[in-house]
Amino acid sequence: ELFQGIAPLKIQSPEYKFVHGTYGIPEFGTEFVRRMLDDTGPSRFADLVRISGFSHGTDVWNNNAREFIKSGVATMNEVISTRDDIMNYLILKGVPHKDAFKIMESVRKGQGVTLEQERLMKSNGIKDWYIESCKRIKYMFPRAHAVAYVMMSYRIAYYKVYHPAAFYAAFFTSKRDDFNSEFIHKEAGKVYERIQILSNKGKSITDKEKNEITVLEVMYEMFSRGFRFLGPRLGKSDPLKFYMEEDQVRVPLAAISGLGEAAARTLQEEYERKPYTTVEDIRNRGKANNTAISGLKELGVLDGIPESDQISLFDLG
């Protein structure tokens with residue numbers, strides 16, 4: 001159901017409706033492949049394998065299979081998806097095995113078909129649109145690779161549906177460098193506004209901002225499903241990994257602005273050796289710079305911790 005465009009995750013938001021549940025699923029979470037899901041409406045594992053072939057080929061989907069499907073010339077099952085499709089189909093139509101193999105190899109390398117091969121294909125009842133499709137292809141994916149990729153995606157999709165908090169923790173850990181901690185305590189609508197702001201940049205958008213959109217989409221979905229982040233906390237957060245806690249997702253120290261991997265490790269190790277008593281102590285033993293201190297304060301990590309041990313003379317009376 002994740003792949004069929006029927007919103008099985010019951011995401012509810014007045015601002016935005018997710019068509020698919022494939023955000024964060026490898027191979028099927030990109031905008032390019034999500035559009036394929038819209039166009040094809042897959043209902044079987046075999047359909048997903050074909051989509052994987054489309055997405056990894058060059059000129060296999062755009063200006064090719066998609067055009068033939070949308071125009072009604074061919075169906076999802078008839079168009080060429082992987083290199084194996086060509087050889088198997090030609091053999092089925094009566095083309096000698098050796099010739100079918102040579103045509104497949106020529107097409108998958110982007111060399112099209114020769115006039116002699118075209119005549120052979122026509123003499124065996126191969127339709128003109130199929131021959132034209134072969135001519136347009138620049139590179140093709142092997143079906144075995146497509147099957148392996150879809151199997152991996154299926155396994156991860158299972159966790160997204162049945163163990164969502166664990167899924168989101170693992171996803172955000174893998175994307176920690178692109179995680180924007182500014183939004184961990186905000187509503188889904190604010191996350192969506194940020195997605196819109198970045199998307200509206202068009203060609204001026206940077207690669208880092210594109211990566212941020214990918215993470216924000218999953219964050220938006222997570223909030224819409226009713227899951228929340230637990231803020232980073234000394235003694236509770238892992239230095240580097242998001243993890244599941246009480247069916248929510250605990251944010252690691254390294255996700256805080258200004259705290260890199262090494263700094264997060266040092267901060268945690270020193271805390272475990274002896275809890276910090278002041279912000280000054282964190283600067284000295286935890287080696288936290290001003291940017292890190294600011295990030296820790298903004299997320300409430302330093303709530304209740306005094307700036308220093310010094311006692312003001314004006315407090316003595």
Cation-pi, Phe223 ring and Arg228 (6.0 angstrom, 45 degrees): yes

Any Lys175 side-chain heavy atom under 4.5 Å of Glu212 side chain: no

Residues Asp85, Arg50: salt bridge by 4.0 Å N-O rule: yes

Residues, nucleotides or ligands: over 12 heavy atoms within 6.0 Å of His185 NE2: yes

Check: Ser133 side chain, Trp129 main-chain N or O, donor-acceptor pair, under 3.5 Å: no

Chi angles and distances behind the salt bridge (Lys or Arg N to Asp or Glu O under 4.0 Å) call for Lys186, Glu182: CA-CA 8 Å; Lys186 294 188 177 180; Glu182 176 186 344; 3.4 Å; yes

Met152, CE: over 12 other non-hydrogen atoms inside 6.0 angstrom: yes

Asp128 backbone acceptor or donor facing Lys122 side chain under 3.5 Å: no

Single hit among Phe183, Phe171, Tyr168, Tyr23 for side chain to side chain contact (heavy atoms under 4.5 Å, CB included) with Met219: Phe183

Worked verdict on Glu307 versus Lys297 for salt bridge (Lys or Arg N to Asp or Glu O under 4.0 Å): CA-CA 11 Å; Glu307 286 291 329; Lys297 287 182 177 179; 2.8 Å; yes

Under 3.5 Å donor-acceptor, Arg250 side chain and Gly231 backbone: yes

Flag if over 12 foreign heavy atoms under 6.0 Å of CD, Glu272: yes

Residue pair Arg285 / Tyr271, side-chain donor-acceptor N/O under 3.5 Å: no

Aromatic ring proximity His56/Tyr149, centre distance under 6.0 Å: yes

Shared hydrophobic cluster, Ile184 / Leu198 (ILVMFWY, side-chain heavy atoms < 4.5 Å): yes

Verdict with reasoning, Asp47 to Met76, per side-chain contact (heavy atoms from CB on, under 4.5 Å): CA-CA 8 Å; Asp47 295 337; Met76 168 83 159; 3.9 Å; yes

Donor-acceptor under 3.5 Å (Asp178 side chain, Asn211 main chain): no

Pi-cation contact, Phe101 with Lys98 (under 6.0 Å, within 45°): no

Test: Glu209 and Arg194 ion pair at under 4.0 Å: no

Donor-acceptor pair between Arg283 and Asn290 side chains, under 3.5 angstrom: yes

Side-chain touch Ile80/Cys134, heavy atoms, less than 4.5 angstrom: yes

Glu105 side chain vs Lys102 backbone, donor-acceptor pair below 3.5 Å: no

Ring centroid separation Phe172 to Phe229 under 6.0 Å: yes

Aromatic plane relationship, Phe45 with Tyr154 - under 30° parallel, 30 to 60° tilted, over 60° perpendicular: perpendicular

Audit row: Glu132, Arg136, salt bridge (Lys or Arg N to Asp or Glu O under 4.0 Å) steps and yes/no: CA-CA 7 Å; Glu132 175 61 26; Arg136 296 181 185 184; 3.0 Å; yes

Close aromatic pair by centroid cut-off 6.0 Å: Phe179 and Phe242: yes

Ser199 side-chain N/O to Ile195 backbone N/O, donor-acceptor pair under 3.5 Å: yes

Arg34 side-chain N/O to Gly29 backbone N/O, donor-acceptor pair under 3.5 Å: yes

Heavy-atom check, side chain of Leu296 versus side chain of Leu259, under 4.5 Å: yes

Shortest non-hydrogen separation from Val49 to Ser81 and the atoms involved: O-OG, 4.2 Å

CA sep, side-chain torsions, deciding dist, call: Ile86, Met140, side-chain contact (heavy atoms from CB on, under 4.5 Å): CA-CA 10 Å; Ile86 297 174; Met140 297 199 76; 3.6 Å; yes

Arg35 and Asn62 side chains, donor-acceptor separation under 3.5 Å: no

Gln117 side-chain N/O to Thr114 backbone N/O, donor-acceptor pair under 3.5 Å: yes

Expected output: side-chain Arg176 to main-chain Leu240 donor-acceptor under 3.5 Å: yes

With Phe54, the ring pair (Phe, Tyr, Trp, His ring centres under 6.0 Å) member among Phe68, Tyr139, Trp61, Phe141: Trp61

Residue pair Arg265, Glu261: steps toward the salt bridge (Lys or Arg N to Asp or Glu O under 4.0 Å) verdict: CA-CA 6 Å; Arg265 288 183 185 277; Glu261 183 174 319; 3.7 Å; yes

Note, Thr22 side chain near Leu37 side chain (heavy atom, < 4.5 Å): yes

Heavy-atom neighbours of Phe227 CZ exceed 12 at 6.0 Å: yes

Ser106 (side chain) donor-acceptor with Gly112 (main chain) under 3.5 angstrom: yes

